[in-house]
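Input: a single structure, listed below in structure tokens.
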Amino acid sequence: MEEEEPQKKMSNRGNNTGGGNNSNINSSNRPEWLQQYDLIGKIGEGTYGLVFLAKIKSNRSKSIAIKKFKQSKDGDGVSPTAIREIMLLREISHENVVKLVNVHINHMDMSLYLAFDYAEHDLYEIIRHHRDKVNQAINQYTVKSILWQLLNGLNYLHSNWIMHRDLKPSNILVMGDGEEQGVVKIADFGLARIYQAPLKALSDNGVVVTIWYRAPELLLGAKHYTSAVDMWAVGCIFAELLTLKPLFQGQEVKATPNPFQLDQLDKIFKVLGHPTVDKWPTLAHLPHWQSDQQHIQGHKYDSPGLYSVVHLSPKNPAYDLLSKMLEYDPRKRITAAQALEHDALVPSQPGEKIVNYPTRPVDTNTDFEGTTSLQPAQHASGNVSGAMGGPHVMPNRSVPRPMHMVGMQRMQQQSMAAYNIANQAGMGGAMNPGNIPMQRGVAAQPHQQQQQEGRNGDARISTTEIKAFLSLQQCIA
Amino acid sequence: MATDFWTSTHYKQLLDQEEVDVVHSLDKERGITLEDFKLIKLHMTNYIARLAQNVKVRQRVVATAVTYMRRAYTRRSMTEYDPRLVAPTCLYLASKAEESTVQARLLVFYIKKLHSDEKYRYEIKEILEMEMKILEALNYYLVVFHPYRGLSQGLINDSYRMDLILIYPPHLIALACIYVVCMLKDKDNTAWFEQLRVDMNSVRIQS
């Protein structure tokens, strides 16, 4: 057989052009697939690579986030992170999970691009906005809606035997303007994996979950862990939504490759009290609990003060739910499915005021190659027309947009009104794109009273109904 | 969904035997017959298994790799995608997908050890380039369901010597294996199979 020839030729071509990856790449050099997008700019950066905001040329109203994976330098090909993300997101589909719309490969420089539906907001930015800009708590109604949608997506993942393993506010996206406005999307599946019948102990994947959101069983070195690690992270995020501060803000010791982080454990123990083998029987078997008696077992904290930290009365159902998410024993920790049925997530009246969240900053001076032009990076708010901005600039990017929370599908249609409409506190009189008065809830009020008690009926409503309702609301407004 | 076979992309992509038994036009031009096509795939299945033994990965990784290789050739020609490069690359990709990554340089080491023939010798860079082409050829669908789960492995491993995994759901392949074992041991299983209410035709065809 002589199959090598074409193959060899192809790799030669790769050799010759792959090196031409210099700073001055103009669009004509770009692969064909790239031509379908208008690049707006860079919106994020991580260990995996860069994230760009782009528009589809054929449909200018559609924004796409393109995640570019760096080439691995040590000759290991497509990063396992990218493989996990592609593998899982090609299989699953849920309204509270980010949607992978395309995968592109650039054979010239062996780079890989994942294209997602763009989400304007994320919980990290929303929390920061409330803490640093409006200086006001997120209202209970919005917190509930976010939490319910997050749990809804997570329940879907867990019932498909998928653990996310990296839940944190910056990975929980919220859709901006458009059909799905206010819909929460779980993103970043770079650490996610299927945990049915694993070939190796899960701990072989190395350290998972960002330290502040890391469950105690991970911190104590558990070899095998379960989807309960995600629920711990949800608990931490829930508390953060309430107080606008990370619940357990431990100092990370970066040097250690293991998940054990003494300061993080200490922060947890201070709030929740010291775990005991009585309440958490398998605790005794965890490697770091056994090996580091002096430090871990030596500290004794026994005044659990979670309710005072989150400013909730111990009788508040929200407090009950939170404490069940932050249960030490992973086997007793509440599951996503159970949490969705919890009393704390019973529908309530929406807030009346609206917060306009700022749009994501876009660095318009960075191109797909990650090359930055000489001008200093500009940030989007009010100032998008940078070097490359030109015709791509969306006129309303500078205007903070109001966000509406949807979700809460288990409620009856009429009471959905309470959830779909305006929410949010703060910034009275803030602008919105059409200067629309924000009292969208008023029309729906009459339905609410009769439906408030209906939550245990067969009350699920479809996404289509929610969307139909949303657009109806927009028409009325 | 990632772990429900009936909603998986694996299920949605199942093919008919006639769709699998198509020799790519480029290969036909070079005189490769359907018999050659099947034999080359069988040969590459063995090659993947032998490489896997050396780099010490589990049987499921082998099964996934073979599935990738067989799937790739429902869409790509052997002329453009040399099986001697595709086979180790599929093992490489499968090891990542099944969370038991094997390093490319280790594969290259064992390729050289197993084959003195120049035509098998590919370098790391070529494997990495082919990895991306295989990803594309698979249309980025990487989740594969296998008929294992507690069944004796020998016969099931043999099922990967054909294209069964591209055509039948894993449970039918597993049943066919049980059927074959019963036949070989002269056990009458008709009643048991009747209770299962499966399509015995598909079981017999496989057997």
Side-chain angles (χ1 to χ4, degrees), chain A residues 1-11 13-15 18 71-72 74-94 100 102-108 110-112 114 156-157 159-162 189 192-202 204-205, chain B residues 1-4 7-10 26-27 30 32 36 40 57-61 77-86 89 92-93 95-101 103-105 108 118-119 121-136 138-143 146 148-149:
Chain A
M1 288 194 285
E2 293 158 26
E3 285 99 324
E4 283 93 341
E5 284 317 310
Q7 211 51 70
K8 291 270 154 70
K9 266 181 217 147
M10 291 180 100
S11 49
R13 200 181 63 200
N15 267 342
Q71 298 165 257
S72 102
D74 29 342
D76 277 329
V78 182
S79 79
T81 314
I83 297 277
R84 280 189 204 108
E85 198 148 24
I86 293 171
M87 181 162 171
L88 292 172
L89 291 177
R90 279 298 267 171
E91 294 290 318
I92 63 181
S93 154
H94 188 269
L100 176 66
N102 240 322
V103 184
H104 302 287
I105 284 176
N106 187 0
H107 292 286
M108 301 291 193
M110 305 252 290
S111 51
L112 182 83
L114 304 188
Y156 168 82
L157 296 177
S159 54
N160 283 288
W161 299 84
I162 295 167
F189 284 70
R193 66 169 287 173
I194 300 171
Y195 58 96
Q196 200 178 36
L199 290 176
K200 291 180 168 183
L202 295 180
D204 283 9
N205 277 140
Chain B
M1 291 192 200
T3 56
D4 177 359
T7 56
S8 70
T9 57
H10 181 162
L26 282 176
D27 296 343
R30 300 178 63 223
I32 296 177
D36 297 337
I40 296 169
V57 289
R58 299 277 297 270
Q59 183 54 37
R60 197 168 81 197
V61 182
S77 70
M78 292 186 164
T79 308
E80 289 170 300
Y81 290 69
D82 182 357
R84 289 164 296 203
L85 174 57
V86 169
T89 306
Y92 179 60
L93 182 58
S95 77
K96 287 183 189 172
E98 297 285 355
E99 300 277 354
S100 23
T101 306
Q103 290 191 319
R105 56 173 179 81
V108 169
E118 275 292 315
K119 286 182 173 168
R121 298 202 166 191
Y122 278 101
E123 298 300 329
I124 295 179
K125 189 170 180 301
E126 291 162 306
I127 291 184
L128 302 187
E129 281 167 0
M130 183 50 80
E131 182 189 27
M132 292 197 145
K133 290 181 193 155
I134 297 289
L135 269 176
E136 246 174 7
L138 297 173
N139 202 9
Y140 311 102
Y141 291 124
L142 300 177
V143 173
H146 296 295
Y148 295 101
R149 291 278 174 97

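Below, chain A is the first sequence line, B the second, and so on; all start at residue 1. All values derive from a computational prediction rather than experimental measurement. Hydrogens, waters and symmetry mates are skipped; everything else that's a heavy atom, side chains included, is used.
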One should read off an interatomic distance between A:Met87 CE and B:Leu135 CG, to the nearest 0.5 angstrom, of 11.5 Å
Atom of A:Val78, atom of B:Lys96 and distance for their closest heavy-atom approach: O-NZ, 2.7 Å
Non-hydrogen atoms of chain A under 4.5 Å away: do they reach the side chain of B:Leu93, the backbone, both or neither? side chain
Would the distance check show the side chain of A:Arg90 and the main-chain N or O of B:Val143 forming a donor-acceptor pair, the cut-off being under 3.5 Å? no
What is the distance from atom CD1 of A:Ile83 to atom OH of B:Tyr140, rounded to the nearest 0.5 Å? 10.5 Å
Measure A:Thr81 against the heavy atoms of chain B and call it side chain, backbone, both or neither at under 4.5 Å. neither
To the nearest 0.5 Å, what is the distance between OG1 (B:Thr7) and CG (A:Asn160)? 6.5 Å
Residues passing the side chain to side chain contact (heavy atoms under 4.5 Å, CB included) test with B:Ala104, sequence neighbours excluded, are B:Tyr92, B:Ile124, B:Leu128
With B:Glu123 via side chain to side chain contact (heavy atoms under 4.5 Å, CB included) - residues at least two apart: B:Val108, B:Lys112, B:Glu126
How long is the gap from CD1 on A:Ile105 to CD on B:Glu136, to the nearest 0.5 Å? 4.5 Å
Between A:His104, A:His94, A:Met110, which residue shows the highest count of heavy-atom pairs closer than 4.5 Å to chain B? A:Met110
Return the CD to NE2 distance between A:Glu91 and B:His10, rounded to the nearest 0.5 Å. 10.0 Å
